[in-house]
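Chain letters run A, B, ... following the sequence lines, proteins first, then strands; residues in each count from 1.
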Amino acid sequence: MLYTNTLYEISTNINTGVEYEIALFYQLVSANEQQQILTAINKRADKNKILGIIKQTNITPIVVALSKRGLKLSDATFETQNDKVGPSDVVMLVSDGKKKFKIGISVKYANTCTLNVTGRRFITDAQIAELKKQLPIYTKKYIDEMTATYGNVGNWFRLRRPSETTDAFIDLIRDAVIDNWSNVGDKPTLLSAMFHSDSPIEFWVVTYMSSGYKLSTEPQTIEVRRANDVKVAKYQTSYVAFYLDNKKVGQMQVKFNNGFIEKCKKKTPDIVYEGVKMAYGQPFSSWNFSVEE
DNA sequence: GTTCCGATGGGGACTATGCC
DNA sequence: GGCATAGTCCCCATCGGAAC
């Protein structure tokens, strides 16, 4: 079913990953609607990419998964950016022969992150202030390390080079998270958001890869009423993992949003190094949360 | 020895809100 | 209004070990 703005959304939305949502949606609707959607797709600069994804999208696994539960697909809606349906980007209308109901699909491409969460949910303003105080020092260390390892700034700026300085700073943040975990209030609400237990409708996850996609009909979740039993610990270099009954149930990558040092959009750069204007990074604003597969 | 591929952690862009 | 920071969507380059 097309909402009044669906075709407009399809021809104009440029969010990253929307191509996959459009392609899957196309495959889930009637031939008549497919024609209209095709016209909308043709207005896009990336239309060829989307047509390619449509070709590689076979919905048989979805239909089979529905049929295993005695369900038939009857329609679908395009829900990109619609928080009212939870994490779903496309919603299937399905029928069990008597009644119809909705099952959503969250569409992803080659990544497992289910939510970006701000660090303020985990650490206090005082902890953040303390860490921020140290950021300029670590930024200088970062520049020194990168320069010593890779040479001119042009060789390393924004080129995804791992760094010991990043690891060290992230570690300070992880220490803060772990120190503060017992003080975090309303864990049920927090965990519920992280695991999408608060989704108003059931949802599946379709993760596209270089070829085809993987369908998960039972996204991992936890019993939210047990949120206060969840424990945290460091995991690998940059993660904080969440454990329930000693079983790892999820992990959160503590990370800078757009890099340790940002491209400078500010009028007055925090740093100018070898002529490149830079701003301090944002280490608290966009941590990656993934559920354990 | 080279290619493949999954894990890891580094990144982009946009919107909302705050502040002068 | 204009600039800055914070928050929320999201993706993928790199690397090292497995597969060939």
Undergrad: Could you tell me which non-hydrogen atom of V272(A) sits nearest to which non-hydrogen atom of K277(A), and how far apart they are?
TA: CG2-CG, 4.2 Å

Undergrad: Do the side chain of N116(A) and the base of dC10(C) come within less than 3.5 angstrom through a donor-acceptor pair of N or O atoms?
TA: yes

Undergrad: Between Y20(A) and Y208(A), what is the ring plane arrangement, given parallel below 30°, perpendicular above 60°, and tilted in between?
TA: tilted

Undergrad: In whole angstroms, how far is the C1' atom of dA6(C) from the CZ atom of R120(A)?
TA: 7 Å

Undergrad: Rounding to a whole Å, what distance do you find between K255(A):NZ and dC11(C):P?
TA: 13 Å

Undergrad: Does the side chain of T57(A) come under 3.5 Å of the side chain of Y26(A) through a donor N or O and an acceptor N or O?
TA: no

Undergrad: Please name the pair of heavy atoms, one in L215(A) and one in V206(A), separated by the smallest distance, quoted to 0.1 Å.
TA: CD1-CG2, 3.8 Å

Undergrad: Would you say a side-chain N or O of S286(A) is under 4.0 Å from OP1 or OP2 of dT8(C)?
TA: no

Undergrad: If I compare all heavy atoms of V117(A) with all of M252(A), which pair ends up nearest, and what's the gap?
TA: CG1-SD, 3.7 Å

Undergrad: In terms of hydrophobic clusters joined by side-chain contacts under 4.5 Å, are F203(A) and I59(A) together?
TA: no

Undergrad: Do I41(A) and F78(A) land in one hydrophobic cluster if side-chain heavy atoms of ILVMFWY residues count as linked below 4.5 Å?
TA: yes

Undergrad: Could you list all N or O pairs between the protein and nucleotides 15-19 of chain B that sit under 3.5 Å apart?
TA:
none

Undergrad: Rounding to an integer number of Å, can you tell me how far E262(A) CD sits from dG7(C) C1'?
TA: 13 Å

Undergrad: Of F157(A) and Y235(A), whose closest DNA chain B nucleotide lies nearer the 5' terminus?
TA: Y235(A)

Undergrad: Within the pair S285(A) and dA6(C), is there a side-chain N or O less than 4.0 Å away from OP1 or OP2?
TA: no

Undergrad: Taking the nucleotide of DNA chain C with the nearest heavy atom to each, does L115(A) or L159(A) sit closer to the 5' end?
TA: L115(A)

Undergrad: Atom NZ of K214(A) and atom P of dG6(B): how far apart are they, to the nearest Å?
TA: 11 Å

Undergrad: Nearest heavy-atom pair of M194(A) and L115(A): which atoms, and what distance?
TA: CA-CD2, 3.7 Å

Undergrad: Decide whether a cation-pi geometry holds between K248(A) and Y235(A); the criteria are a distance under 6.0 Å from NZ or CZ to the six-membered ring centre and an angle within 45° of the ring axis.
TA: yes

Undergrad: How about E79(A) and Y3(A): does a side-chain donor come under 3.5 Å of a side-chain acceptor?
TA: yes

Undergrad: What are the atom names and distances for every N/O pair under 3.5 Å that joins the protein to nucleotides 1-4 of chain C?
TA:
residue: dA4(C); atom: OP1; partner: K267(A); partner atom: N; Å: 3.0
residue: dA4(C); atom: OP2; partner: K267(A); partner atom: N; Å: 3.2

Undergrad: Starting at OH of Y239(A) and ending at P of dA7(B), how long is that distance when rounded to a whole Å?
TA: 10 Å

Undergrad: Mind checking ring pair (Phe, Tyr, Trp, His ring centres under 6.0 Å) for Y243(A) and listing every partner two or more places apart, or none if nothing turns up?
TA: none

Undergrad: Within the structure shown, what part of the strands sits under 4.0 Å from S238(A) by heavy-atom distance: base, sugar-phosphate, or nothing?
TA: sugar-phosphate

Undergrad: Which heavy-atom pair separates L135(A) from G281(A) by the least distance, and what is that distance?
TA: CD2-O, 3.7 Å

Undergrad: Of the nucleotides dC9(C), dA6(C), dA13(B), which one has an atom closest to the side chain of Q282(A)?
TA: dA6(C)

Undergrad: Heavy atom of residues 129-145 of chain A under 4.0 Å from DNA chain B: which residues?
TA: none

Undergrad: For R160(A) and dA7(B), give me the distance from atom CZ to atom C1', rounded to whole Å.
TA: 15 Å

Undergrad: List in numerical order all residues of residues 161-178 of chain A for which some heavy atom is under 4.0 Å away from an atom belonging to DNA chain C.
TA: R161(A)

Undergrad: Atom NZ of K108(A) to atom P of dT8(C): distance rounded to whole Å?
TA: 15 Å

Undergrad: If you compare all heavy atoms of W181(A) against all heavy atoms of V230(A), which two are closest, and at what distance to 0.1 Å?
TA: NE1-O, 2.9 Å

Undergrad: For D167(A), which residues count as a salt bridge (charged side-chain N to carboxylate O under 4.0 Å, His left out) partner, sequence neighbours excluded?
TA: none

Undergrad: Is there, by distance only and without an angle test, a donor paired with an acceptor across the side chain of D89(A) and the base of dC9(C) below 3.5 Å?
TA: no

Undergrad: Nearest whole Å is fine: how far is dG7(C) C1' from N257(A) CG?
TA: 8 Å

Undergrad: What orientation do F289(A) and F242(A) show, parallel under 30°, tilted 30 to 60°, or perpendicular over 60°?
TA: perpendicular

Undergrad: Look at N111(A) and dC11(C) and indicate whether a side-chain polar atom (N or O) is within less than 4.0 Å of OP1 or OP2.
TA: yes

